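Taking it in order: structure first as structure tokens, then the write-up.
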2 protein chains.
Amino acid sequence: MNPNSPQTVSVTVADVARKAGVSKATAARVLGGYGTVSDRVRDAVTAAARALDYRPNELARSMTTGRSGTIGVVVGDIENPFFSLAMRGITDVARQAGFTVILINSGEDVSAEKAAIRTLIAKRVDGLIVSPAKETDVEHLREVVGSGRPLALLDRGINAFEVDTVIADDRQAAEGVTRQLIALGHRHIAYLTACDTPDHLFRTPGDINTGSVRRRIEGFLSTCREAGLGPVERWIHMGAVIPEQTRQIAERLLEGKDRPTAIIASDSVIGLEVFKTSRAIGLAIPDDLSLISFHDADWTAVTSPPVTVVRQPVYQLGEMAARLLVERLNGFAGPGREVVLQTEFVERASISSAPTLP
Amino acid sequence: MNPNSPQTVSVTVADVARKAGVSKATAARVLGGYGTVSDRVRDAVTAAARALDYRPNELARSMTTGRSGTIGVVVGDIENPFFSLAMRGITDVARQAGFTVILINSGEDVSAEKAAIRTLIAKRVDGLIVSPAKETDVEHLREVVGSGRPLALLDRGINAFEVDTVIADDRQAAEGVTRQLIALGHRHIAYLTACDTPDHLFRTPGDINTGSVRRRIEGFLSTCREAGLGPVERWIHMGAVIPEQTRQIAERLLEGKDRPTAIIASDSVIGLEVFKTSRAIGLAIPDDLSLISFHDADWTAVTSPPVTVVRQPVYQLGEMAARLLVERLNGFAGPGREVVLQTEFVERASISSAPTLP
DNA sequence: TTGAAAGCGATACCAG
DNA sequence: CTGGTATCGCTTTCAA
């Protein structure tokens with residue numbers, strides 16, 4: 001058969017074996033690279049395989065070995081630069097370790113996350129990396145570990161049970177920036193996040209389902225309280241899910257009579273929108289308003305003024321999660337590990353001393 | 001068995017059948033949702049499945065059906081906002097159509113791309129979406145269609161053989177922006193791209209392996225020539241792969257004696273670096289230098305001045321590629337289709353009349 | 001070192 | 001409507 005002709009039906013080990021004049025088992029041994037075979041036979045089989053353009057069927061292999069060579073990844077939204085960069089870290093490590101990656105977006109929706117995990121288990125992934133949408137609803141994650149598959153959590157931890165977790169030191173980072181703002185004389189600081197509650201009101205950190213954000217808010221609150229500052233719970237504004245909502249929140253905030261002199265944005269998408277809004281309103285950064293954003297997105301360096309940010313080691317977060325998972329896949333069986341990566345405070349020009357308000 | 005207990009060995013149709021007191025075939029029919037069964041039996045099997053916490057094994061299913069329910073996607077770099085957004089379009093369509101997505105990064109390297117495709121075929125993906133690193137080296141893509149699997153090309157076409165292709169109207173877009181600059185009096189316009197040749201010198205569009213960029217350059221060149229402008233080939237600068245290289249190119253260009261009065265950046269990463277560099281050098285945009293960038297990245301709207309860009313329908317590019325592929329997967333067998341999506345010229349404030357140079 | 005044969009977990013055809 | 005059985009392509013004992 002012409003090797004270039006469209007190959008409708010795939011050639012199997014049996015075909016190669018026949019052509020090479022050996023048994024199926026022997027052909028499989030050289031094709032699969034296991035067991036021992038004589039050089040003469042190896043050459044014959046290899047030649048036959050090449051002639052027939054043999055392509056191994058990984059599905060069949062997985063059936064018998066029980067390992068699929070794939071890891072499943074569930075993230076909120078691959079379009080988000082945070083996740084796409086973390087994903088790059090994951091895929092790099094995975095490929096190097098010989099694994100392939102199946103990606104599913106949850107859209108930060110728990111039921112979609114559950115469906116995703118079901119699908120991945122059905123596909124018999126060897127392990128999973130998940131960035132859980134909610135820390136309070138984790139039965140499906142428990143099932144994963146129950147199924148015997150290793151699980152690594154990305155950016156958001158679940159204290160409830162023992163799995164490998166990789167997060168950044170969000171709490172300390174939040175404490176640091178808050179302290180900084182307070183030192184500059186700010187007495188009313190707003191914190192904007194995409195997280196939300198049914199009635200859009202913040203009461204306690206327990207209301208926050210996203211671990212990274214909850215830790216930041218805890219740090220923010222405790223630092224404000226230590227400094228004896230006002231009704232800090234009311235300074236936390238939720239529901240900045242899409243730019244339009246963020247804009248509305250920012251407008252209400254900045255045009256109100258008791259406006260904050262500083263804003264902490266929980267991610268770069270929010271930071272960008274706050275930046276735009278304050279400009280639209282005519283407030284000057286940093287003179288009228290100080291702004292600090294989490295996530296060192298590329299645009300933060302080119303605005304006027306450039307934005308002071310908390311740089312998270314996003315690529316490394318993904319890399320480490322994959323590394324921990326691969327270790328498990330290779331047999332490591334110790335207790336769940338929690339890795340906390342350091343953030344970095346990048347000082348630029350969007351914060352200054354608090355203005356003296358009327 | 002306690003349903004919460006770690007389930008080391010997976011339960012199969014045979015187990016469910018036994019528990020329900022029916023044959024394997026019958027249990028498989030209700031579990032797989034095919035064939036016909038009586039209500040009584042259906043209930044019994046369903047109950048047994050639930051009690052045993054049965055999880056279907058998609059691998060086994062794929063073995064017999066020959067369909068894996070997965071599509072493979074090979075992109076240059078998922079970290080790049082262009083690809084991550086396109087990927088979002090792909091995954092959205094795929095999920096809705098009941099497919100799952102395996103993602104592999106090629107790093108714009110052809111040999112990695114080849115390996116990726118081998119892997120994906122071994123995993124028996126039902127179809128592939130590829131953004132080919134080089135248009136001149138496509139034997140492996142030919143093999144894909146030879147294997148009987150549908151293939152869709154993203155952002156970069158291969159005229160050589162018939163597959164579905166989705167691109168943007170890069171050529172017209174480039175013509176448009178070039179015409180605009182010429183109308184504003186610019187007589188020396190530079191084009192910066194990440195594409196490269198061994199000696200870093202541009203000679204003909206044939207040197208450009210990335211289809212989208214080649215088409216833009218063709219449009220740029222022909223428009224300049226029509227206007228009777230200078231040594232246009234020398235206005236094309238290659239090798240702006242990483243920010244550092246881009247900076248060097250931009251510095252050399254802007255500090256040279258015959259400096260261009262306008263720059264077209266082939267993507268937003270390059271545009272960002274040109275913006276930074278011109279500011280560092282002390283050239284004012286748009287008075288000293290006009291800048292137009294491809295890709296409407298989010299930062300382009302918040303700089304001072306905001307940057308004029310060519311907006312590409314990136315999400316839709318991915319969406320459409322997936323849509324075409326899914327159609328094939330559902331049996332469509334017509335000839336290869338080429339879909340060209342419209343770009344949009346977003347006029348902001350980074351271009352103006354050419355300055356009168358000394 | 002090699003071969004025969006038994007799975008892996010589903011689907012699908014053919015009888016009954 | 002239900003059951004028996006061959007089959008998918010590969011791995012993996014177990015003997016020879």
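Proteins get letters first, then strands, A, B, ... in listed order; numbering begins at 1 in each. Predicted model, so just to flag it, every value in this text is computed and none were measured.
Listed pair B/T64 / D/dC8 fails the phosphate criterion, with no side-chain N or O lying under 4.0 Å from OP1 or OP2. Between B/S38 and the phosphate of D/dC1, there is no side-chain N or O to OP1/OP2 separation shorter than 4.0 Å. For the OP1/OP2 pair of D/dT11 and a distance below 4.0 Å, the side-chain nitrogens and oxygens of A/Y34 include at least one atom meeting the criterion.
When rounded to the nearest whole Å, the span between CG of A/D39 and C1' of C/dT2 equals 15 Å. For the pair A/L59 CG and C/dG9 C1', the interatomic distance rounds to 12 Å; values are reported in whole Å. When the C1' atom of C/dA6 is taken as reference, atom NZ of A/K24 falls 10 Å away, rounded to whole Å. Taking atom CZ of A/R40 as the reference point, atom P of C/dT1 lies 13 Å away to the nearest angstrom. The CZ-P distance, from A/R29 to D/dT11, rounds to 11 Å in whole Å. Note: NZ (A/K123) to P (C/dA10) measures 14 Å, nearest angstrom. One can place CZ of B/R18 at 18 Å from C1' of D/dT2, the figure rounded to the nearest angstrom. Distance, B/E58 CD to C/dT11 P: 9 Å, rounded to whole Å.
Residue pairs meeting the salt bridge (Lys or Arg N to Asp or Glu O under 4.0 Å) criterion with at least one member in residues 68-77 of chain A, sequence neighbours excluded: A/D77-B/R88.
Side-chain proximity of A/T36 to C/dA4, C/dT1, C/dT2: nearest is C/dT1. Of the candidate nucleotides D/dC10, C/dG3, D/dT11, C/dG3 has the atom lying nearest to any side-chain atom of A/T26. Here the side chain of B/A60 is nearest to one of C/dG9, C/dT2, C/dT11, namely C/dG9. In this structure, the nucleotide among D/dG4, D/dT12, D/dG9 sitting nearest to the side chain of A/S10 is D/dG9. Residue A/T12 has its side chain nearest to D/dC10 when only C/dT11, D/dG4, D/dC10 are considered. Among the nucleotides C/dT2, D/dC10, C/dA5, the one closest to the side chain of A/V41 is C/dT2. Of the candidates C/dA10, D/dC10, D/dG3, D/dC10 carries the atom nearest the A/N57 side chain, counting heavy atoms from C-beta on. Side chain of A/Y54, nearest nucleotide from D/dC10, D/dT2, C/dC8: D/dC10. Comparing atom distances between the A/M63 side chain and each of D/dT12, C/dG9, D/dT11 picks out C/dG9 as nearest.
Dense packing is recorded around NZ of B/K114, with more than 12 heavy atoms of other residues, nucleotides or ligands lying under 6.0 Å away.
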| task | Would you please test A/S131 and A/D155 for side chain to side chain donor-acceptor pair (under 3.5 Å) and show each step? | result | CA-CA 6 Å; A/S131 190; A/D155 189 48; 5.0 Å; no
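With respect to B/E113 and B/R156, no salt bridge is recorded, no charged nitrogen being found less than 4.0 Å from a carboxylate O. The pair B/R124-B/E58 fails the salt-bridge criterion, with no side-chain N (NZ, NE, NH1 or NH2) lying under 4.0 Å from an Asp/Glu carboxylate O.
Taking 3.5 Å as the limit, the base of C/dG9 and the side chain of A/R124 contain no donor-acceptor pair of atoms between them.
Going from atom CG of B/N209 over to atom OG1 of B/T136 covers 4.0 Å, rounded to the nearest 0.5 Å.
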